[in-house]
*Asks:* 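Have a look at this one before I ask anything.
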Amino acid sequence: MNIPKAYKPNKKEKGIYKLWEKTGHFNPENLPDRHEDPFTVLMPPPNANDPLHIGHAVFTTLQDIMIRYNRMQGKKALWLPGADHAGFETQVVFERKLEEKGKTRLNMEREEFYKQVWDYTQENRKVVKKQIKKLGASCDWSRDTFTLDEKVVETTYKTFKKMADEGLIYRRKRLVNYCTNHETAFSDLEVEHVTRKTPLYYIKYGPFILATTRPETKFGDTAIAVHPEDRKHRKYVGKEITVKTLLGERKIKIIADEAVDREFGTGAVKVTPAHSEVDFEIWQRHKDEMPEPIEVIDKNGKMTEAAGPYAGMPVKKARKKVAKDLKKEGLLQRTDEDYEHNLSVCYKCEKEIEPLLMKQWFIDIEPLAKPAIKAVKKGDVEIIPDNYRKVYLHWMENIKDWNVSRQNWWGIEIPAWKCTDCSTEEDEEWIITEGEKPEKCPECEGNNLEQDEDVFDTWFSSGQWPFATLLSEDEPELEKYYPTSVMETGYDILFFWVARMIMMGLYKTGKAPFETVYLHGLVRDKNREKMSKSKGNVINPIEVAERYGTDALRMSLTIGNMPGKDVTISENEIKGYRNYVNKIWNMFRFLMLRCEDYDPGSSPKLSKKDKKLMKEFEKKAKEITSDIENFEFSHAAESLYHYSWHRFADEIIEESKSVLDDEKKKKGRQKTLITIFAGILKLAHPFIPFVTEEIYQKMPLDEKKETLMIEEWPV
RNA sequence: GGGCGGUUAGCUCAGCGGCAGAGCAUCUCGCUUACAUCGAGAGGGUCGUGGGUUCGAAUCCUACACCGCCCACCA
């Protein structure tokens with residue numbers, strides 16, 4: 001056998017992946033009989049709007065380790081891949097591309113836009129699929145699912161309908177987080193809080209001085225609020241006073257509410273229910289004392305007619321102008337220029353979120369959250385690392401109703417139709433279906449029905465991924481593979497995705513969608529900095545895999561990667577693991593050179609020393625196995641690395657050189673070395689599948705399977 | 001404002017009651033017929049700070065400092 005001195009991963013990997021695919025063993029149904037109990041992992045579907053980044057390589061590696069390990073352990077291992085249409089995210093990416101071409105969505109028909117984005121995502125899917133293969137993922141491509149596949153969309157409709165029927169869906173005018181730049185509402189999760197310096201204005205309101213950062217909203221003030229126990233202001237509570245404003249004199253009532261901080265400003269605040277979350281809640285509590293909210297800002301971020309002469313002005317401009325005019329009128333007492341406060345901004349563009357009163361679809365979330373809390377508390381769902389349990393529970397226990405409608409074009413349309421015959425502004429008549437257009441309005445029999453233009457929050461449908469992909473009620477797949485075994489994903493989407501999947505899985509199937517949640521961290525560079533294109537510190541996983549081999553990349557993403565913690569990676573490190581892979585290759589080379597006369601079927605007598613070496617290996621194998629079972633992949637890989645290199649190669653092989661020269665002891669030692677090395681290959685296969693498979697195919701072994709991939713785990 | 005995590009060798013991190021560890025980097029020597037993508041060896045740490053528990057603390061408790069993250073309706 002002519003074995004080259006250096007292993008060239010790039011020449012081999014494609015062929016090895018093809019071999020695996022050819023055997024059909026990625027599909028658990030095609031595995032040999034010994035594979036019985038299912039082990040299921042759903043791949044978090046990568047967004048179909050961009051090629052993979054290093055973060056995708058992290059989860060591909062970890063999940064493939066679990067899948068390959070469990071497959072070798074005799075499980076019916078199913079790893080179901082997919083791609084995410086990623087609603088809003090993709091729309092933003094695509095619109096940016098349009099912009100580069102000097103185009104905009106606003107000059108396009110919605111249908112045409114949708115079609116173009118569809119084509120765009122399908123092209124990207126191909127790229128992503130190729131890349132996932134490059135990373136060695138042993139997933140079942142026959143089940144590859146797109147989040148806009150019929151079964152997913154249908155499931156989404158059905159769930160929404162079920163929720164509506166059970167009274168969990170409501171459409172109401174409520175204060176929502178609105179981004180005037182992206183022209184859509186968001187859930188609370190898509191809002192980020194940043195600390196920024198803004199001027200704090202002290203405005204005179206009759207006898208009061210009110211501190212505010214947003215003087216432009218004063219036209220929407222419907223009350224002045226003070227703390228109920230504030231002696232200073234007590235005499236005014238419940239009274240109506242006449243104050244001078246920029247729009248002339250007006251009457252305003254003073255109310256008392258606990259939410260007011262007595263220490264802030266002068267202890268009295270203006271209440272603007274249409275444009276502030278706290279104020280909206282105050283209004284909810286004092287509805288009979290206060291007039292209806294006055295909206296002074298519109299969806300374009302401009303002042304409304306209610307703002308009198310300021311109408312049409314963008315918010316920021318209006319703010320300055322109002323402040324200036326207040327000063328002119330002597331209504332501004334003073335200004336703190338450097339006031340620091342927390343601002344809500346759009347997570348995508350960082351523009352200030354405008355709280356606006358809008359009619360949106362909400363889910364009454366508490367009935368869903370309660371079982372989801374119980375499932376984790378009871379241990380039906382285990383979260384790794386453990387400390388994220390608390391994080392999850394805290395969020396779940398303080399959860400708020402979920403706004404699931406988005407004013408986007410790319411996504412699953414909400415299956416709700418409004419009857420324009422019998423709907424009024426206050427009282428709308430909506431018909432929710434499982435996707436089909438209703439024939440007529442059940443209320444007035446009219447057939448002028450208009451579908452809601454909004455689409456679902458993408459997380460509403462992806463929250464149903466576990467049962468939507470394995471669906472459905474009429475297919476046995478769900479029975480067999482649901483609940484899934486492990487949900488492996490980043491801690492950054494614990495609330496967005498994991499929490500929603502638990503809630504919706506329990507709601508729809510009565511069972512939590514997975515037994516274990518394993519959370520990995522973000523990938524950072526050597527200086528612990530987040531990777532970003534603008535910083536130029538991005539490591540492209542595919543490029544690196546081509547240069548140093550996928551196995552090397554996978555090792556570097558495994559060792560040092562602890563659950564819940566960010567992982568650092570550098571090219572130098574990858575190079576180090578490239579060396580390791582080559583080292584494994586050369587162990588193989590050595591064995592082949594020194595065991596040319598080895599007969600795999602023979603059972604020579606083993607010396608005491610040989611037996612000791614075998615025992616030592618078994619002990620190591622047990623340790624590594626238990627590490628994997630405990631989700632300690634870093635430990636497992638490190639310990640394997642250390643044993644195979646510094647024990648097996650540096651000591652055992654070195655010591656064996658003289659033994660192999662001894663005709664009497666030779667046969668036994670050959671058997672020992674080859675047996676241990678075959679064991680190392682098996683243990684290493686989940687981590688570095690390519691090189692181990694390549695060697696396995698060439699190894700002279702007594703009993704050999706079609707591939708190492710379906711070999712039996714050594715312990 | 002609430003919560004979580006971290007602080008151990010130059011760097012990245014293990015260890016979490018019993019002699020301070022790994023990888024990478026550095027230095028010295030060696031192209032020995034598996035591998036120079038290698039081998040043999042070396043240097044390098046008051047384990048953030050103060051107090052406590054203990055026969056014994058990097059490890060447990062407590063206070064503090066600094067760094068990072070998450071959540072939150074201080075206008």
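Convention: sequence-line order gives letters A, B, ...; per-chain numbering from 1.
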*Asks:* Both A/Tyr388 and A/Ile282 contact RNA chain B. Which one's nearest nucleotide lies toward the 5' end?
*Replies:* A/Tyr388

*Asks:* When the distance from CD of A/Glu190 to P of B/rC71 is rounded to whole Å, what number comes out?
*Replies:* 12 Å

*Asks:* Quick one: closest heavy-atom pair of A/Ile241 and A/Pro207, and the distance?
*Replies:* CD1-CD, 3.7 Å

*Asks:* Taking any strand in view, what nucleotide pairs with B/rC27 in a Watson-Crick or G-U wobble way, both distances under 3.5 Å?
*Replies:* B/rG41

*Asks:* Using the P atoms only, state how far B/rG21 lies from B/rA65, rounded to an integer number of Å.
*Replies:* 34 Å

*Asks:* Return a single string for nucleotides 8-21 of chain B, one symbol per nucleotide in 5' to 3' order, where B is base contact, S is sugar-phosphate-only contact and - is none, cutoff 4.0 angstrom on heavy atoms.
*Replies:* ---SSSSS------

*Asks:* At 4.0 Å (heavy atoms only), tell me whether A/Tyr392 reaches a base, stays on the sugar-phosphate, or touches nothing.
*Replies:* nothing

*Asks:* Determine: side-chain N/O of A/His642 to OP1/OP2 of B/rA22, distance under 4.0 Å, yes or no.
*Replies:* no

*Asks:* Calculate, to the nearest 0.5 Å, the distance between atoms CZ and CH2 belonging to A/Arg500 and A/Trp459 respectively.
*Replies:* 8.0 Å

*Asks:* OP1, OP2 of B/rA75 versus side-chain N and O of A/Lys218: anything below 4.0 Å?
*Replies:* no

*Asks:* B/rC24, OP1 or OP2 - any side-chain N/O from A/Tyr577 closer than 4.0 Å?
*Replies:* no

*Asks:* Taking B/rA20 as the reference, what is the distance to B/rC38 when you measure between their P atoms (whole Å, please)?
*Replies:* 31 Å

*Asks:* Using atom C1' of each nucleotide, how far apart are B/rG51 and B/rC70 to the nearest Å?
*Replies:* 31 Å

*Asks:* Please identify which of these residues, A/Phe588, A/Tyr548, A/Phe690, A/Trp585, meets the ring pair (Phe, Tyr, Trp, His ring centres under 6.0 Å) condition with A/Tyr7.
*Replies:* A/Trp585

*Asks:* For B/rC66, give its Watson-Crick or G-U wobble partner with both distances under 3.5 Å, or none.
*Replies:* B/rG6

*Asks:* Any Lys/Arg nitrogen of A/Asp610 or A/Arg669 sitting under 4.0 Å from an Asp/Glu carboxylate oxygen of the other?
*Replies:* yes

*Asks:* Could you tell me whether A/Lys620 and A/Glu623 make a salt bridge, using a distance below 4.0 angstrom between a side-chain N and a carboxylate O?
*Replies:* yes

*Asks:* Which nucleotides of nucleotides 25-41 of chain B have their base under 4.0 Å from a protein heavy atom (B), which only their sugar-phosphate (S), and which neither (-), written as one string 5' to 3'?
*Replies:* S--------BB-BSSS-

*Asks:* Check A/Lys370 with A/Glu366, please: is the shortest side-chain N to carboxylate O separation under 4.0 Å?
*Replies:* yes

*Asks:* Mind checking the P distance from B/rG23 to B/rA57? Whole angstroms is fine.
*Replies:* 29 Å

*Asks:* Looking only at heavy atoms, what is the nearest atom pair of A/Tyr201 and A/Ala323, with distance?
*Replies:* CE2-CB, 3.5 Å

*Asks:* Using the C1' atom as the reference point in each nucleotide, state the distance between B/rG43 and B/rA9 in Å, no decimals.
*Replies:* 11 Å

*Asks:* What contact category does A/Val581 fall into here, base, sugar-phosphate, or nothing, at under 4.0 angstrom with non-hydrogen atoms?
*Replies:* nothing

*Asks:* Determine the contact category for A/Ser276: base if any of its heavy atoms lies under 4.0 Å from a base atom, sugar-phosphate if only primed atoms, P, OP1 or OP2 are that close, otherwise nothing.
*Replies:* nothing

*Asks:* Can you find an N or O donor on one side and an acceptor on the other, under 3.5 Å apart, linking the side chain of A/Asn342 with the base of B/rA72?
*Replies:* yes

*Asks:* What interatomic distance, in whole Å, is found between C1' of B/rU59 and the corresponding atom of B/rU53?
*Replies:* 13 Å

*Asks:* In plain terms, say whether A/Asp325 and A/Lys321 are close enough for a salt bridge, that is, a side-chain N and a carboxylate O under 4.0 Å apart.
*Replies:* yes

*Asks:* How far, in whole Å, is B/rA22 from B/rA42 if one measures between their P atoms?
*Replies:* 11 Å

*Asks:* I'd like to know if A/Asp566 and A/Arg524 make a salt bridge, using a cut-off of under 4.0 Å between side-chain N and carboxylate O.
*Replies:* yes

*Asks:* Please report the distance separating the P of B/rC19 from the corresponding atom of B/rC35, rounded so that it comes out in whole Å.
*Replies:* 40 Å

*Asks:* Please check the phosphate of B/rC24 (OP1 and OP2 only) for any side-chain N or O of A/Tyr641 closer than 4.0 Å.
*Replies:* yes

*Asks:* Just checking A/Ala225: base, sugar-phosphate only, or nothing, at a heavy-atom cut-off of under 4.0 Å?
*Replies:* nothing

*Asks:* Decide, yes or no, whether a salt bridge links A/Glu571 with A/Arg547 under the criterion of side-chain N to carboxylate O below 4.0 Å.
*Replies:* yes

*Asks:* Under 4.0 Å between a Lys/Arg side-chain N and an Asp/Glu carboxylate O for A/Glu694 and A/Lys12?
*Replies:* yes

